[in-house]
**Student:** 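This structure is in C-alpha cells; I'll ask about it shortly.
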Amino acid sequence: MAPRVRFAPSPSGYLHIGGARTALFNWLWARRQGGTFVLRIEDTDQERSSVESVRAILDALRWLGLDWDEGPEAGGSHGPYFQSERRARYREVADAMVEAGTAYRCYATKEELEQARAELKARDPKAQFVYPGWWRDRRDWPDGKPWVYRFKTPRTGATDFDDLVFGRVSTPNDAQQDFVLMRSDGFPLYNFSCVIDDHDMGITLVARGRDHIGNTPQQVLLYEALGWPAPQLAHLPMMLSAKGEKLSKRHAAVSVSEYRDRGYTAMGVLNYLARFGWSHGDQEIFARDELVAAFDWASVNRADGKFDEKKFADVAFEHLKQPRLTSDAEYVERVRPFLAARGLDADEPTLCAALPLIRERARTLADAAHHLDFYFREPPELDPAAAKVLTPQSAELLEGLAAALTAVEPWEGAAIDEAIRAWVEARGVSLKDVAQPARVSLSGRTASPALHDVMAVLGRARALARLRHGATLAREAAAARAPG
RNA sequence: GGCCCCAUCGUCUAGCGGUUAGGACAUCGGCCUCUCACGCCGGUAACGCGGGUUCGAUUCCCGCUGGGGUCGCCA
C-alpha cells in the first residue's frame with residue numbers, strides 16, 4: 001500500500017533546518033513509494049502560533065521544492081489541515097475516552113499544581129514533580145469549574161514500539177505520568193491531537209526527529225486506549241551544532257530562508273540534509289531524482305551528528321559547479337536576483353558566456369554575483385589593492401597589448417591567448433609583467449579568470465577599451481605621484 | 001536525578017566475524033599556472049575502555065565511561 005506520511009510543523013517561527021530535514025525524509029519516502037505527503041499545521045498553541053509563521057514555513061517548503069499533496073492551499077480529503085480547526089473532534093474523542101474510562105477530567109488548577117511543585121521542591125530540591133492523580137478516580141465533578149482531560153496511564157507494565165531506525169524501544173509505564181490531553185481552554189496538547197490527526201488522516205508512517213522519541217510511548221498508549229492501529233514509526237538522529245549542542249541561532253544559520261538569502265540553492269541545502277543521517281555507499285552528491293530513487297529507511301543512521309558548515313558549503317558548491325545539477329538556464333535565473341541586488345542589469349549573452357568561468361569559482365549565488373560584477377560595469381570598479389598594479393611603466397604595455405589584439409581573428413579565447421603570447425614574446429617581456437596590469441584593467445581586480453577568457457566574454461570593443469582605459473589610469477597615477 | 005537513545009579519522013560516513021579499516025569535507029605537502037579558482041598527485045588522521053562469545057572481533061552480548069534527548073494546561 002502506498003504510504004501516507006506527513007510533516008507537521010508548529011507555526012511558531014521560520015522553517016528550521018532540522019525541520020526541513022524531517023520534511024525532506026518524509027517527502028522522499030512519499031515520492032519514492034508513490035505515496036502521499038501531507039502537510040499539517042500544529043497551531044494549537046495560541047500564544048506562539050502566527051499566520052506569518054505559517055506563511056514563512058510554506059514559502060520555505062516551496063522554495064525547497066518539497067511539494068505537499070494535501071494540506072494548506074492544496075486541500076485534500078482529510079482536512080482541515082490546521083489543528084485549530086479540528087477542536088470539536090478532539091473534544092469528541094476526549095469525552096469518549098472519559099466514558100470508556102481511559103481518561104478523566106482533572107479539576108486541579110494550575111495554582112494547586114504549582115503549590116504542590118513548590119512544596120516538593122522545598123522538601124527535595126532534586127525531585128521531579130509527578131502529578132499524583134488526584135482526580136484519577138473521581139466523578140464528583142464540580143459545576144462551572146474548568147477542567148483538563150488527563151490520560152489514565154497504566155501504572156504497571158511497559159510500552160514497546162518498533163522503530164524503523166532504532167529498532168525496538170521499550171519504556172516502563174511508571175515512567176509516565178497522567179499527562180494532559182486537553183487544556184482547560186479546550187485546545188488539545190501535542191500528544192493527543194497528533195495521535196487523533198495521524199489516525200484520522202490515514203497516516204501510515206510517522207517520521208520525525210529523535211527529540212520526539214520520548215513521547216512516542218505516550219502516543220502508543222493512546223493508540224491502544226483508542227483501539228486504533230499505530231502507524232509505523234521512524235525517528236531521525238538529531239542534527240546538533242558543531243559543538244554538539246542543540247542547534248540554535250547562536251551556532252549557525254538555522255532558518256532555511258537564511259540559506260536561501262545567502263545564495264545557496266535548494267538542492268545544495270537538500271543534498272547536505274539528505275546525507276546527514278542517511279547514506280548511500282560512497283555517494284555524496286545527488287540530484288533530486290537520484291535522492292528519490294535511493295532513499296530508504298534501512299540506511300538511516302542512529303547516531304546524532306554535528307552540522308558542519310564547511311562540508312555544507314562544499315556540497316552546495318558542487319551543485320553550482322556541475323551543469324548536470326544546475327543547468328545554465330536555472331543558474332542564470334537564480335543568480336539574477338543577486339545581480340539585481342548589486343544594481344546590475346546583466347544582458348543574457350554576456351551572462352551566458354561568463355557562466356562557465358563562474359561555475360568553478362562561485363561558492364554561492366551571492367558569490368557568483370560578485371564574480372560576475374565587472375562584466376556588467378563600464379568601467380569596472382577598481383579595487384584599492386588593484387590600483388597599485390597600474391604603475392607608470394604598465395601604461396605603455398597596456399597600449400601595446402591593445403594594439404596587438406585589434407586584428408585578432410576570430411575573437412575567441414584560444415586565438416586571443418595565442419596572440420597575447422606571440423606579442424609578449426615579440427616584445428621581449430614576460431607574460432607575468434603584463435598579466436596583472438591587464439587583469440586589473442579588464443576586471444578592476446587582482447584575481448580573475450584567464451585574461452583571454454575574460455576578453456572573449458567582454459568582446460573585442462569593450463576589452464580593448466578597458467585596456468586603453470587602464471593605460472590612462474596608469475598615466476594618471478604616475479602624474480599624481482609626480483611631485484609638484 | 002528518573003526514563004529513553006547513541007558511540008569508526010576534527011566532521012559527515014562505508015563496514016553488517018577474517019579488509020593494508022574505504023570515501024567525502026577540513027587540514028598539510030606538491031603539481032598545473034598570467035592571478036584566482038577548478039583539477040590532479042601525495043601525507044597526517046578513527047574503531048572510547050573493560051569483560052565475555054568465537055579459531056578469529058570495528059562488527060555479537062554485558063558492564064563502564066562519554067555524549068545526546070526527554071521529563072509542561074509547548075510542540
Side-chain angles (χ1 to χ4, degrees), chain A residues 8-12 42-45 47-49 83 106 108-110 113 117 124-131 146-150 163 165-167 169-172 174-177 179-185 187-191 193-194 208-217 235 237-238 240 242 244-246 272 275-285 299 301-315 317-318 321 357-363 371 386 389 417 420-421 424 430-436 438-440 443 445-452:
Chain A
S10 79
S12 56
E42 308 219 328
D43 58 346
T44 55
D45 186 337
E47 307 277 305
R48 304 200 309 182
S49 299
Q83 290 191 324
C106 170
T109 63
K110 279 185 183 174
L113 254 15
R117 238 183 271 273
D124 181 359
K126 291 190 293 280
Q128 191 73 34
F129 177 75
V130 174
Y131 171 72
W147 72 88
V148 302
Y149 290 88
R150 280 185 188 271
D163 191 281
V165 175
F166 288 91
V169 178
S170 180
T171 309
D174 59 15
Q176 234 70 59
Q177 56 180 312
F179 54 93
V180 174
L181 265 20
M182 288 232 283
R183 310 199 289 196
S184 48
D185 65 4
F187 279 88
L189 253 43
Y190 170 69
N191 283 127
S193 52
C194 177
R208 79 243 289 195
R210 189 177 63 76
D211 46 340
H212 283 289
I213 207 166
N215 45 36
T216 302
H235 288 89
M238 306 262 295
L240 273 16
E245 303 167 300
K246 202 163 182 176
Y272 180 75
R275 277 288 285 98
F276 197 101
W278 173 81
S279 62
H280 189 62
D282 283 340
Q283 188 172 354
E284 301 279 351
I285 303 302
S299 301
N301 218 58
R302 279 177 291 276
D304 295 340
K306 295 172 184 167
F307 185 89
D308 183 3
E309 294 205 65
K310 293 269 184 52
K311 176 87 175 191
F312 167 76
D314 182 72
V315 170
F317 178 35
E318 209 59 47
K321 203 159 55 186
L357 306 180
I358 300 311
R359 279 190 184 273
E360 62 199 30
R361 291 179 171 77
R363 307 188 73 83
H371 284 291
V389 174
D417 188 34
I420 294 173
R421 288 174 194 283
V424 161
S430 157
L431 179 54
K432 286 187 197 294
D433 299 330
V434 192
Q436 285 306 78
R439 185 183 323 285
V440 168
S443 68
R445 300 173 181 171
T446 54
S448 80
L451 297 175
H452 59 270

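Excluded from the calculations below are hydrogen atoms, water molecules and symmetry mates; all remaining heavy atoms, backbone and side chain alike, are included.
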**Student:** Can you tell me if A:Lys432 touches the phosphate of B:U35, counting only side-chain N or O atoms and a distance under 4.0 Å to OP1 or OP2?
**Tutor:** yes
**Student:** Using Watson-Crick or G-U wobble geometry with both distances below 3.5 Å, tell me the partner of B:G66, or none.
**Tutor:** B:C6
**Student:** Atom pairs under 3.5 Å, N or O on each side, protein against nucleotides 66-68 of chain B: can you list them with distances?
**Tutor:**
residue, atom, partner, partner atom, Å
B:G68, O2', A:Arg210, NH2, 2.8
B:G68, O2', A:Asp304, OD2, 3.1
B:G68, N2, A:Arg210, NH1, 3.0

**Student:** Under the salt bridge (Lys or Arg N to Asp or Glu O under 4.0 Å) rule, collect the residues that match up with A:Arg183, sequence neighbours excluded.
**Tutor:** A:Asp185
**Student:** Could you state the CZ-P distance from A:Phe276 to B:C25, rounded to the nearest angstrom?
**Tutor:**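 To the nearest whole Å, that distance equals 18 Å.
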**Student:** Report which part of the nucleic acid A:Arg363 touches: base, sugar-phosphate, or nothing (heavy-atom distance under 4.0 Å, all strands).
**Tutor:**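 Sugar-phosphate contact only - A:Arg363 comes under 4.0 Å of backbone atoms but never of a base.
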**Student:** Can you see if the side chain of A:Ser279 gets near the phosphate of B:A14 - specifically, an N or O under 4.0 Å from OP1 or OP2?
**Tutor:** yes
**Student:** Please state the P separation for the pair B:A75 and B:G18 - nearest whole angstrom.
**Tutor:**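 Looking at atom P only, B:A75 and B:G18 are 49 Å apart.
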**Student:** Tell me if the centroids of the rings in A:Tyr272 and A:Phe307 come within less than 6.0 Å of each other.
**Tutor:**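 Distance test on ring centres: under 6.0 Å, yes.
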**Student:** Hey, which sits more toward the 5' end of RNA chain B by its nearest nucleotide, A:Thr171 or A:Phe317?
**Tutor:** A:Thr171
**Student:** Paired with B:G1: which nucleotide, if any, by Watson-Crick or G-U wobble criteria at under 3.5 Å for both distances?
**Tutor:** B:C71
**Student:** So does A:Asn301 get a side-chain nitrogen or oxygen closer than 4.0 Å to the phosphate oxygens (OP1/OP2) of B:A7?
**Tutor:** no
**Student:** Please determine whether any donor N or O and acceptor N or O are separated by less than 3.5 Å between the side chain of A:Arg302 and the base of B:C6.
**Tutor:** no
**Student:** Between atom CH2 in A:Trp278 and atom P in B:A24, what is the gap in whole Å?
**Tutor:**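 Going from CH2 in A:Trp278 over to P in B:A24 covers 18 Å.
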**Student:** Is there a Watson-Crick or G-U wobble partner for B:U58 with both distances under 3.5 Å, and which nucleotide is it?
**Tutor:** none
**Student:** For a quick check of understanding: with a heavy-atom distance under 4.0 Å over all strands, which category does A:His235 fall into, base, sugar-phosphate or nothing?
**Tutor:**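 Touches nothing.
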**Student:** Which base, if any, makes a Watson-Crick or G-U wobble pair with B:C16, both distances under 3.5 Å?
**Tutor:** none
**Student:** Counting side-chain heavy atoms from C-beta on, which of B:C34, B:C25, B:C12 comes nearest to A:Gln436?
**Tutor:**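 Within the option list, the nearest is B:C34.
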**Student:** Which nucleotide in the list B:U35, B:C38, B:C12 gets nearest to the side chain of A:Ala447?
**Tutor:** B:U35
**Student:** Searching all strands shown, indicate the nucleotide that pairs with B:U27 (Watson-Crick or G-U wobble; both distances under 3.5 Å).
**Tutor:**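 Partner of B:U27: B:G43.
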**Student:** For A:Lys310 and B:C25, is the shortest distance between a side-chain N/O and OP1 or OP2 below 4.0 Å?
**Tutor:**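 For B:C25, neither OP1 nor OP2 has a side-chain N or O of A:Lys310 closer than 4.0 Å.
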**Student:** Using a heavy-atom cut-off of 4.0 Å across all strands, would you classify A:Ser170 as base, sugar-phosphate, or nothing?
**Tutor:** sugar-phosphate
**Student:** Measure all distances between protein nitrogen or oxygen atoms and nitrogen or oxygen atoms of nucleotides 71-75 of chain B, and list the pairs falling under 3.5 Å.
**Tutor:**
residue, atom, partner, partner atom, Å
B:C73, O2, A:Ser184, N, 3.0
B:C73, O2, A:Ser184, OG, 2.9
B:C73, N3, A:Ser184, OG, 3.2
B:C73, N4, A:Ala108, O, 3.1
B:C73, N4, A:Lys110, N, 3.4
B:C74, OP1, A:Arg183, NH1, 2.9
B:C74, OP2, A:Arg183, NE, 3.0
B:C74, OP2, A:Arg183, NH1, 2.2
B:C74, O2', A:Asp45, OD2, 2.7
B:C74, O2', A:Arg48, NE, 3.4
B:C74, O2', A:Arg48, NH2, 2.9
B:C74, O2, A:Arg48, NH2, 3.2
B:A75, OP1, A:Thr44, OG1, 2.4
B:A75, OP2, A:Tyr190, N, 2.8
B:A75, O3', A:Glu42, OE1, 2.9
B:A75, N6, A:Asn215, ND2, 2.8
B:A75, N1, A:Asn215, ND2, 3.3

**Student:** Determine the Euclidean distance between corresponding C1' atoms of B:U59 and B:U8; express it in Å to zero decimal places.
**Tutor:** 11 Å
**Student:** Do A:Thr216 and A:His235 have side-chain atoms, one donor and one acceptor, less than 3.5 Å apart?
**Tutor:**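 Side chains of A:Thr216 and A:His235: pair found under 3.5 Å.
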**Student:** Is B:C32 paired to anything, Watson-Crick or G-U wobble with both distances less than 3.5 Å, and if yes, which nucleotide?
**Tutor:** none
